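Both backbone and side-chain heavy atoms feed into the values below; hydrogens, waters and symmetry mates do not. Because the structure is a prediction, the values reported are computed rather than measured. Every number for a ligand or one of its atoms is a count from 1 in the order of the listing.
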Amino acid sequence: MATVTFDKATRIYPGGTKPAVDALDIEIQDGEFLVLVGPSGCGKSTSLRMLAGLEDVNGGAIRIGDRDVTHLPPKDRDIAMVFQNYALYPHMTVAANMGFALKIAGVSKDVIRQKVEEAARILDLTEYLDRKPKALSGGQRQRVAMGRAIVREPQVFLMDEPLSNLDAKLRVSTRTQIASLQRRLGITTVYVTHDQVEAMTMGDRVAVLKDGLLQQIDTPRNMYDRPANLFVAGFIGSPAMNLVEVPITDGGVKFGNTVVPVSREALTAASSRGDSTVTVGVRPEHFDVVPVGAGGLSKESGLEVSVNVVEELGADGYVYGTARVGGEDKDLVVRVNGRQVPEKGSKLSIVPKAGETHVFSTSTGERLSD
Ligand SMILES: Nc1ncnc2c1ncn2[C@@H]1O[C@H](COP(=O)(O)OP(=O)(O)OP(=O)(O)O)[C@@H](O)[C@H]1O
Ligand SMILES: [Mg+2]
């Protein structure tokens with residue numbers, strides 16, 4: 001068991017000018033399940049491979065527990081990695097695949113057999129131990145890859161998109177299995193995915209990367225409730241948060257006919273940068289639908305949305321519509337009650353729920369509201 005520390009860890013690939021991972025600072029607690037998430041090319045695999053020792057570190061340090069492992073070879077780091085393609089040996093049985101690392105390490109046959117059987121029991125693989133990988137389903141192969149990592153009883157598990165070869169349904173059930181298995185074993189785990197839903201459902205904490213730079217590290221709840229900048233706001237959550245650039249007015253910002261109150265400090269911060277607008281974020285589930293034209297032209301009448309498409313999901317409906325904001329047509333998504341969905345082509349009037357708006361600097365993207 002161990003903590004893992006990225007201490008301003010930097011990777012610049014040969015011939016590259018910009019770091020693929022730029023001064024990454026993360027402290028992972030003992031037993032924590034940390035998810036690294038971000039779009040393709042943001043540096044997730046590079047970060048994981050630096051921790052594994054498969055990639056040079058060009059600046060900063062990496063520590064596992066108290067040990068500085070920055071320049072240690074992979075075999076001396078006490079980690080086990082599960083890759084996307086599982087990399088099972090096709091000519092070996094499941095049992096041999098799972099025990100291979102122990103065999104290489106010179107562990108006795110009896111001990112290997114015992115550890116493999118125990119891992120197989122945990123992973124529900126007992127009846128497949130004598131099969132070859134090709135005679136297994138994708139989900140079963142994935143579990144063998146996990147088993148191979150488990151039998152080594154490492155200090156740290158590293159997983160790079162281990163579920164991406166599975167179909168959607170199996171991915172959902174397997175992610176629950178992995179998360180609960182990790183909690184049971186209590187082994188510090190760093191898990192890479194580009195899927196924000198996977199990140200939010202599995203991680204104790206989630207670290208969002210973009211262009212090699214850490215954007216935010218937080219619990220899924222905080223990440224959702226208080227995204228640190230526009231990028232995280234748009235990346236976490238599905239359908240995505242509505243982000244609308246609006247003019248700053250006295251005491252708040254104007255969202256359609258509604259003035260959204262914003263703290264004076266936030267507005268001052270924006271103005272002091274010379275910004276005349278801020279970007280307001282509202283999640284699809286954080287609108288109240290009010291009767292169209294309620295209160296005539298008063299401030300309470302909200303923002304009028306023309307309904308383009310309605311997605312009915314049973315419990316909920318998502319309205320994809322267009323609204324006139326700041327002289328421009330803006331696409332918005334609004335969650336509505338699944339039993340009261342509006343007609344396509346109709347109009348809807350919406351008001352952001354009190355306390356559920358996010359305000360960001362339009363120029364820097366950073367969060368201004370608390
Ligand atoms: N061996 C390499 N040599 C040079 N550049 C590389 C190498 N490997 C990765 N890169 C670059 O480093 C950046 C980060 O790559 P990385 O593989 O870490 O991204 P990722 O977040 O894992 O993306 P994906 O979701 O597509 O797997 C990318 O711009 C990539 O092109
Ligand atoms: Mg990758």
Side-chain angles (χ1 to χ4, degrees), residues 4-26 28 33-62 64 69-71 73-74 77 79-88 138 141-142 145-146 149 156-168 171-172 174-175 178 189-203 205-218 220 223 227-238 240 365:
V4 169
T5 310
F6 288 90
D7 184 357
K8 305 214 166 14
T10 300
R11 173 64 176 147
I12 304 173
Y13 282 108
T17 46
K18 217 168 102 336
V21 175
D22 196 350
L24 182 64
D25 258 332
I26 301 181
I28 305 165
F33 195 118
L34 182 95
V35 181
L36 286 178
V37 69
S40 184
C42 71
K44 305 179 294 293
S45 296
T46 303
S47 304
L48 203 68
R49 290 169 58 81
M50 285 197 288
L51 173 55
L54 301 170
E55 212 65 74
D56 284 345
V57 178
N58 306 108
I62 293 181
I64 297 178
V69 301
T70 316
H71 302 292
R77 297 194 180 199
I79 50 150
M81 190 148 169
V82 180
F83 296 94
Q84 171 178 358
N85 59 11
Y86 321 140
L88 301 178
R141 281 180 216 176
Q142 203 284 333
M146 286 290 294
V156 186
F157 278 143
L158 307 185
M159 304 186 197
D160 195 347
E161 311 237 8
L163 306 184
S164 55
N165 283 348
L166 306 181
D167 67 48
R171 209 152 62 209
V172 171
T174 312
R175 84 181 178 217
I178 291 183
T189 300
V190 187
Y191 185 102
V192 162
T193 178
H194 63 270
D195 180 343
Q196 58 94 18
V197 177
E198 218 168 278
M200 296 290 275
T201 51
M202 295 179 83
R205 282 190 304 161
V206 175
V208 177
L209 287 177
K210 180 190 170 230
D211 298 334
L213 291 165
L214 180 64
Q215 304 292 303
Q216 184 170 3
I217 175 162
D218 229 323
M223 188 76 76
N229 60 39
L230 276 176
F231 177 78
V232 177
F235 187 76
I236 298 288
S238 175

In terms of residue, atom name and distance, what is the protein heavy atom nearest to [atom]?
{"atom": "atom 13 (C) of ligand 1", "value": "G41 O, 3.6 Å"}
{"atom": "atom 17 (O) of ligand 1", "value": "S45 CB, 3.8 Å"}
{"atom": "atom 25 (O) of ligand 1", "value": "K44 NZ, 2.8 Å"}
{"atom": "atom 26 (O) of ligand 1", "value": "S40 OG, 2.6 Å"}
{"atom": "atom 1 (N) of ligand 1", "value": "Y13 CE2, 3.6 Å"}

Can you confirm, on distance only, whether ligand 1 has an N/O atom lying under 3.5 Å from any N/O atom belonging to A20? no
Taking N or O atoms only and a 3.5 Å limit, does T46 qualify as a polar contact for ligand 1? yes
Determine if the distance from atom 9 (C) of ligand 1 to the closest protein heavy atom is below 4.0 Å.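 Yes; the ligand atom in question has protein heavy-atom contact below 4.0 Å.
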Quick check on atom 31 (O) of ligand 1 - does any protein heavy atom sit closer than 4.0 Å to it?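 Answer no: nothing from the protein, no heavy atom, is under 4.0 Å.
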Any [X] side-chain heavy atom under 4.5 Å of [Y] side chain:
{"X": "S40", "Y": "H194", "answer": "no"}
{"X": "D160", "Y": "Y191", "answer": "no"}
{"X": "I28", "Y": "T5", "answer": "no"}
{"X": "M81", "Y": "M159", "answer": "no"}
{"X": "D7", "Y": "I62", "answer": "no"}

Using every non-hydrogen atom in the two residues, find where [X] and [Y] come nearest and quote the distance to one decimal.
{"X": "L24", "Y": "S47", "value": "CD2-OG, 3.7 Å"}
{"X": "A9", "Y": "A61", "value": "CB-O, 4.0 Å"}
{"X": "K44", "Y": "C42", "value": "CG-SG, 3.3 Å"}

Below 4.0 Å from ligand 1: does a non-hydrogen atom of G38 turn up there or not?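 G38 does not count as a contact of ligand 1 under the 4.0 Å cut-off.
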Measure the distances from the heavy atoms of C42 to every atom of ligand 1 and state whether one is below 4.0 angstrom. yes
Kindly confirm whether the Mg ion (ligand 2) is within less than 2.8 Å of some N/O/S atom in S45?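 Yes - counting backbone and side chain alike, S45 has an N, O or S atom under 2.8 Å.
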Any atoms of ligand 1 less than 4.0 Å from a non-hydrogen atom of G43? List them with their elements. 14 (C), 18 (O), 19 (O), 20 (P), 21 (O)
Begin with the C-alpha distance, continue with both residues' side-chain angles, and end with the deciding distance and a verdict on side-chain hydrogen bond (donor to acceptor under 3.5 Å, both in side chains) for Q215 and N229. CA-CA 8 Å; Q215 304 292 303; N229 60 39; 3.0 Å; yes
